[in-house]
Structures are given as C-alpha cells and as structure tokens.
Amino acid sequence: MGEHRGDPWQWRDEIVQAHRALRDRTLHDRTPRTSRVPLAEAAGRVLAAPLTSPEELPSQDLSAMDGFAVRRAELTAPGTTVLPVVADLPARPGHPAPLPTGTAARIMTGAPLPPGADAVVPVEDTDADPVGPAPAAVRITLASPLPPRKHVRGPGEEVTRGEELAAAGTRVGAALIGLAAALGVTDLEVHAPPRVSIVVTGDELTGAGPAVPGTVRESNGTMLAAALVTHGAIPRVLRGPDDPSRLRDVLADSARDTDLVVTTGGIGHGAYDVVKSLLGPGGDGTSRFAHLALRPGGPQGHGTLPPAVGADHGTPVVHLPGTPVGALVGYHLFVRPLLPGPAPAPRRVLVGEGSFAVRRPGLTVVAGRLRRGADGRESVDTLPGRRLAPYGRADALVLLDGTLRDPADAAAGESVLVLDL
C-alpha cells in the first residue's frame, strides 16, 4: 500500500483488475440489477443481454426507388419499351394486386412490389413526370439490360431473423433504438445505471456566490457528476471535511447503496491530505496511493472502503487529485474504464496544429480539438490556455509520451494518441 512513481497504464490495468475481482466476489450476494425498459428510456443504457432480431427486415420485396415496377424480360435493352400503367403504388399498408403481363405499375420508394414484377425502373429513365399523376403509359429507355432484382430490397436484405444486432455490454444509441423500433422491438434488457458517489474534500471549498478570501469555488463535484451522467451513471455529490473522524462518517454514507466511490483531493504529500492519511498506509491501509508519471494528475489512489465503512464486501473507491484538471484527466483514464459499456480506448490520429513538444518523461495530457481535413484524414490540434480553460473547449485528450517533436519538425504522417471525451 506504499507510495511509488508508476506507469499510468499499469495503474489503469491494476484498478480495472481490482474492480473486476471485487465485483466477482460479490456476485453471490448481489442480484445483478437489470430491467426491461421501453425504447424511449433506453438511450445511454448498457445492454444486459444480446439483442436479436425477431423478424426479417424488410419482411417482403420493397421498391428501393421512385419509378415503375416491371418484368425485366418484357423490356427492350438497349432500346425503348412502351408499357401501359395499370396501378399507382404509394408506400402504404396493403397488398398490391399481381402485375398483369405486358404492363407496368408506378411505384414509390418503400412500397411493396406487386407479385410478378422483378425490377424497378427509376423514374428518370422514363418519360413520366416525377410529381404528376400516374401516366396511362410509360416510355422506358435503357442503355443496357436491367440486372436481376434491380432496385428491389428483398426480404432479410438488411436483417435476418435471429441475427444478433448488438452484443451484451453495448451502449444503446439512437441508431440501435431506431433499428429495434423498425423490427417491432418495444423494450430492451439493460443494466441499471451504476450508482457513483463523489466525495469532494477540502474545507476551503465554497459554493457559488461572491468570492471570499481563502476559499475556492467547488467545481470538481459538478464536473465529475456531469461526466458520469454522460457515461450512463447516476451520481451524487457529498462534501468531505478535512477532519478525519468526520470524513470517515461521510465515506460511510457515500458507500451505502452505491457501486463506486470517487474522492477528489487530499491525496498529495501535504500535512492536511486527509484522505491519504485516513485510508493509506498510516491509517486503515485499505487504499493504495502513488505518484504516477502523469501530468496533470500525478497523485492517484484506489482501494476498497472496508465492510465497517461500506457494504458487506466493501465498496471500490478511486481517489483523484483535487486540482480540476487532475481530477478530469484521472476520471477519463481511471474511472471511465469501470463503468458499463465499451472501455474507452485511445486511438491514433495525425498531428495537427499547436505545440506538441514534450521534454519530460512519462505521460503528458493536453486538451485537443479534432478536425477532418479536405482529404478526409483526421487530425488533432492542441488548444492554448492554462489549467482547466482549454479543456472547456476540448473534445479529446491528447496523450503525449515524451517522444514527439514539435509539429514544425514532425515527419509527414506522424500521429499521436487521443482519447475521445
């Protein structure tokens, strides 16, 4: 439980493994909290079971174009064919009548294909008015024969019956909800949102209002709660005093009916770093603290609030620095991987504008803004400013390992790791 200077990525793996081990030990005593919720309430939640298709999509032959349903064998190609138009088929409920031999039916996108038709000729390949009433006859001019089932969407073309649409652990987004609705699915089996308690420490912290000498407006709790909501969790914020006995009571409260506790502040090297003194090697010894090779956010910690303070098997806790930027970086690196859904994974994008020069060892994190160039390639620009200000405009964290040169000297195609916010 002692202090050391460590690798941020090893620290991240250690937290994830410890959290997983604690979760596995408690499975026998806790019923997994899942429920079926209506589609309208599923956005942002995480699937507790695979979503499979109850039917084919489409369920029948549909037109993929506005045009005319025909029999391919009756068309002259290359050349011109004139066919009488015997039906007008908008996209609406009902079964169209079979298409008589030697005729065509005007048909709209999404309308069921009449039995007998095996292709659709787009309206632009005819002499018909695209917006007027259906003509008595249509002149079709083709440069080459229509391929089989041209402009026809067949049964199961998009989705087959029983096909897995999304695996358990998938975070539900708008497109998945739309797909489920199109298949007649009305509700989804999802995990209950994780409950996360945020304990913000520091007697100097104050709320909104006029600034008072010696105080700092509290922002970490508000910031982290907003991030947790964005990532599908239910947060609550508690204020933790710098008095150890009173903080112990707050921690006990924070661990009740919660899945994870996150603290901010009190984990540095000072005489008043109350979280570290209470839970570290000089106190309960239930949390491990380290100064990582990470800027900002070097001081970090994690552990388990003991049964006397938390639940039967303890409650996992992650300790973040008190500086807003350190807390924000620590949240994205060390807390997000513990939340349901796909773990955030850094990816590589091209070097953009801004100073990427790094002369220190370890991992340096700066605020970035992603953009896509005229060639379609994505790059990231670093944002100017100090402390939290540039992060307010950022949509990515730029992760620099100390080896990248200034972009003025960077080789073509050089890239950096980013983590999407």
Side-chain angles (χ1 to χ4, degrees), residues 15 193-231 233-280 283-284 286-292 294 296-305 309-310 315-336 338-339 387-389 391-392 421:
I15 292 176
R195 301 159 299 186
V196 182
S197 294
I198 306 164
V199 179
V200 182
T201 65
D203 289 342
E204 76 280 11
L205 301 177
T206 186
V212 177
T215 65
V216 177
R217 289 193 181 94
E218 197 289 301
S219 60
N220 284 356
T222 303
M223 175 180 68
L224 294 176
L228 286 163
V229 169
T230 299
H231 298 125
I234 298 176
R236 65 168 177 153
V237 180
L238 298 89
R239 292 287 294 275
D242 286 338
D243 176 78
S245 62
R246 293 169 58 205
L247 177 59
R248 187 181 294 277
D249 292 339
V250 173
L251 290 172
D253 183 26
S254 74
R256 293 189 184 98
D257 298 320
T258 197
D259 301 301
L260 175 68
V261 175
V262 176
T263 71
T264 69
I267 63 172
H269 302 287
Y272 295 96
D273 285 310
V274 63
V275 174
K276 187 175 178 181
S277 64
L278 182 63
L279 302 177
D284 292 347
T286 55
S287 286
R288 182 167 181 250
F289 295 91
H291 195 101
L292 305 180
L294 171 67
Q300 297 288 335
H302 75 92
T304 304
L305 297 180
V309 177
T315 301
V317 58
V318 176
H319 306 292
L320 301 178
T323 60
V325 174
L328 180 68
V329 169
Y331 168 82
H332 285 286
L333 290 182
F334 308 125
V335 176
R336 275 182 67 187
L338 308 183
L339 302 177
R387 296 184 174 87
L388 193 59
Y391 291 87
L421 295 178

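Quick note: numbers below take in every heavy atom, side chains included, and nothing from hydrogens, waters or symmetry partners.
- Rounding to the nearest 0.5 Å gives a distance of 9.5 Å between CZ of R288 and CD1 of I15.
- Summarising the geometry of V237 relative to A225, their closest heavy-atom pair is CG2-CB, 4.1 Å, with the distance given to 0.1 Å.
- Residues I198 and G221 share a closest heavy-atom pair of CD1-O, 4.0 Å.
- Closest non-hydrogen pair, T304 versus S287, comes out as N-OG, 4.4 Å.
- P235 places a side-chain heavy atom less than 4.5 Å from the side chain of V229.
- The shortest non-hydrogen separation linking M223 to A327 is CE-CB, 4.2 Å.
- Side-chain contact between F334 and Q300: present, with at least one pair of heavy atoms (C-beta onward) separated by less than 4.5 Å.
- We find the OG1-CG distance between T323 and L328 to be 9.5 Å, quoted to the nearest 0.5 Å.
- Looking at T258, its side chain never comes within 3.5 Å of a backbone N or O of A255 through a donor-acceptor pair.
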(message) Could you go through H302 and V317, starting from their C-alpha distance and side-chain angles, then the distance that decides it, and tell me whether this counts as side-chain contact (heavy atoms from CB on, under 4.5 Å)?
(response) CA-CA 6 Å; H302 75 92; V317 58; over 6 Å; no
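- Expressed to the nearest 0.5 Å, how far CG of L260 lies from OG1 of T315 amounts to 9.0 Å.
- Judged by distance alone, with hydrogens and angles left aside, the side-chain atoms of D273 form a donor-acceptor pair with the main-chain N or O of G268 at under 3.5 Å.
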(message) Apply side-chain contact (heavy atoms from CB on, under 4.5 Å) to residues V261 and V318 and explain how you reach the verdict.
(response) CA-CA 6 Å; V261 175; V318 176; over 6 Å; no
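- Counting heavy atoms from C-beta on, the side chains of R239 and V250 never come closer than 4.5 Å.
- No option in T263, V200, L224, V275 other than L224 meets the side chain to side chain contact (heavy atoms under 4.5 Å, CB included) test with L320.
- Considering CG of L247 and OG of S277, their distance stands at 8.5 Å, rounded to 0.5 Å.
- In terms of heavy atoms, P321 sits closest to G326 at CD-O, 3.7 Å.
- By the 6.0 Å contact criterion, CG on D249 is enclosed, its count of non-hydrogen atoms from other residues, nucleotides or ligands being greater than 12.
- Between H231 and Y331, the angle of the ring planes stays under 30°, which puts this pair in the parallel group of the 30/60° scheme.
- D259 has its side chain out of reach of V196: every pair of non-hydrogen atoms, C-beta onward, lies at least 4.5 Å apart.
- Put simply, the side chain of V199 reaches to within 4.5 Å of the side chain of L251, judged on heavy atoms.
- Proximity of the aromatic rings of H319 and F289 is defined here by a centroid distance below 6.0 angstrom, and this criterion is met.
- D243 and R246 make their closest contact through OD2-N, 3.0 Å (heavy atoms, listed as atom of the first residue, atom of the second, distance).
- With rounding to the nearest 0.5 Å, the separation of CG in L228 from CZ in R236 is 13.0 Å.
- Within the model, atoms CG of D253 and OG of S197 stand 7.5 Å from one another, a figure rounded to the nearest 0.5 Å.
- A donor-acceptor contact shorter than 3.5 Å is absent between the side chain of N220 and the backbone of T264.
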